[in-house]
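Letters go in sequence order (proteins before strands), and every chain restarts at 1.
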Protein chains: 2
Amino acid sequence: MLDMSSRKGSLTRERILDLAEAAVLEKGFAATSIDELIAAAGITKSGFFYHFKDKGELAVALMERYIAHNDAVLADIFRRADELNEDPLHGFLVAMKLFAEMTADLPSTHPGCLVASFCYQDRLFSQEVRDLAHRGVLTWRKLFLERLNRVAEHYPPKIPVDLEALADMANALVDGGIIQSRVMRDKAILPQQIMLYRDFVRAVFLGA
Amino acid sequence: MLDMSSRKGSLTRERILDLAEAAVLEKGFAATSIDELIAAAGITKSGFFYHFKDKGELAVALMERYIAHNDAVLADIFRRADELNEDPLHGFLVAMKLFAEMTADLPSTHPGCLVASFCYQDRLFSQEVRDLAHRGVLTWRKLFLERLNRVAEHYPPKIPVDLEALADMANALVDGGIIQSRVMRDKAILPQQIMLYRDFVRAVFLGA
DNA sequence: ACTGCAACTGTACCTGTGGTACAGTGGCGT
DNA sequence: ACGCCACTGTACCACAGGTACAGTTGCAGT
């Protein structure tokens, strides 16, 4: 029989990851204690080490799950935008609108970006975690760059920009927007910045 | 007599702060141990606690110093740009060019932004540290917004944007650019993003 | 009913770190 | 000569993070 989640699915592992992700984004990885996680999850220390052989493996699992989820969310946004629009530029602009709305609809400020969090705690992690973060950023770059290239074929840029840098700009602005939203305790900043990015992309391809 | 730095200036304290800042930006605050700092500084634990009554006070001192330094750097860039140019828009564009060049000239990737680092370790710090970060972001917003308002008086915007959001965009892009530079191990990304911001500001006020 | 494995629990133990307490000292300014 | 700034040295403690490993429970398949 094919069962997709190994036996009964081990939802305990997922629960640990949920708790760990939230804690790490609030206090950092080093300050997130295993004792704290197992208390919240209602298991014992041994239970934790059954799922993760050490804290490093927790970091890997957190990153893997986060990257996969992030990629899926972005792909979904672009897919929904494509359904609403044929033209590559307007599809892109609609996607950015959807993205901004999604972040604006969050109940409080965005919980944070694990890649950004981990990048300031670099030396705590294995090469594997750093490689995961690297691939995560590369995936975003690729997803945006593909779209921007397709747009550029139909709309010759009015402002000469490196499209790869323009692709990276989205990621940079999201990470930076999250940081500002958190520091300023103003959840409106992130969606605002995404909309500004949208304005810029429109200006690049359509002019002011 | 007026001496500006309390007696002989206590350069030990500065050395601790230098070491702590570098360590915190690499591993995070919680993972930076006092033992490690005193070993690197060549002092004893007692020496450390003479300067900082606890670790929390170290965090406050780090943030204060970082914010002050950051503000000074930005103010200097704008001042130098003003010397080269009278027009508010071109002064701003020159400043962004100088900024990009400054970050490009760093020997390796940018060491990182303490505000960004601390924002993902929020719960470790006192309200005082959070307030410092808050004020740091506010100062950047204010510095950029003043300039942008002056520009807008002479150049009616061709693209309708919220100037406060446009001011915040600089900060967001710098923080995001640093993160991407670190994760991708490519120091060119940060200056590239600053130059993209410059392109956007020019497009806003001059059109594509 | 028996076997086997996933998913845990229980107990014991070691280390490193943060932090306290306090007495002592070298050198410089006045 | 006096004082005080900027430390050093020694001793100590509580506790969290982390390791190790043997034992237990419950469900699945045959």
Quick check: on DNA chain D, is the nucleotide nearest K53(A) upstream (toward 5') of the one nearest G47(B), or the reverse? Name the residue that is more 5'.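 On the 5' side of the pair lies G47(B).
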
Nearest whole Å is fine: how far is [N] [atom2] from [X] [atom1]?
| X | N | atom1 | atom2 | answer |
| --- | --- | --- | --- | --- |
| F48(A) | dG18(D) | CZ | P | 8 Å |
| E36(B) | dG19(C) | CD | P | 14 Å |
| Y50(A) | dG10(C) | OH | P | 17 Å |
| I43(A) | dA6(C) | CD1 | P | 18 Å |
| E57(B) | dT20(C) | CD | C1' | 16 Å |
| I34(A) | dT15(C) | CD1 | P | 18 Å |
| H51(A) | dT19(D) | NE2 | C1' | 18 Å |
| F49(A) | dT19(D) | CZ | C1' | 7 Å |

Flag yes if more than 12 heavy atoms outside E86(A) fall under 6.0 Å of its CD atom; otherwise flag no. no

Look at all strands and tell whether S33(B) reaches a base, only sugar-phosphate, or nothing, counting heavy atoms closer than 4.0 Å. sugar-phosphate

With a non-hydrogen cut-off below 4.0 angstrom, is K55(B) in contact with a base, only sugar-phosphate, or nothing?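 Sugar-phosphate contact only.
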
Ignoring hydrogens and angles, are the base of dG10(C) and the side chain of T44(A) linked by a donor-acceptor pair under 3.5 Å?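 By the distance-only test, no, there is no pair.
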
Is the backbone of E57(A) close enough, under 3.5 Å, to the side chain of D54(A) for a donor and an acceptor to pair up by distance?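 Indeed, once roles are kept as given, a pair shorter than 3.5 Å links the two residues.
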
Begin from the C-alpha positions of V161(B) and F200(B) and carry the test side-chain contact (heavy atoms from CB on, under 4.5 Å) through to its verdict. CA-CA 11 Å; V161(B) 295; F200(B) 184 37; 4.3 Å; yes

Closest nucleotide among dG18(C), dA16(D), dG18(D) to the K45(B) side chain: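 The listed nucleotide nearest to K45(B)'s side chain is dG18(C).
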
Candidates dC21(D), dC8(C), dG18(D) - which lies nearest the side chain of S46(A):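 The nucleotide sitting nearest to the side chain is dC21(D).
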
Does a side chain donor of either D131(A) or Q127(A) reach within less than 3.5 Å of an acceptor in the other side chain? yes

Is the charged tip of R130(B) near the ring of F125(B): under 6.0 Å from the six-membered ring centre and within 45° of its axis?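 Verdict for F125(B): no cation-pi partner in R130(B).
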
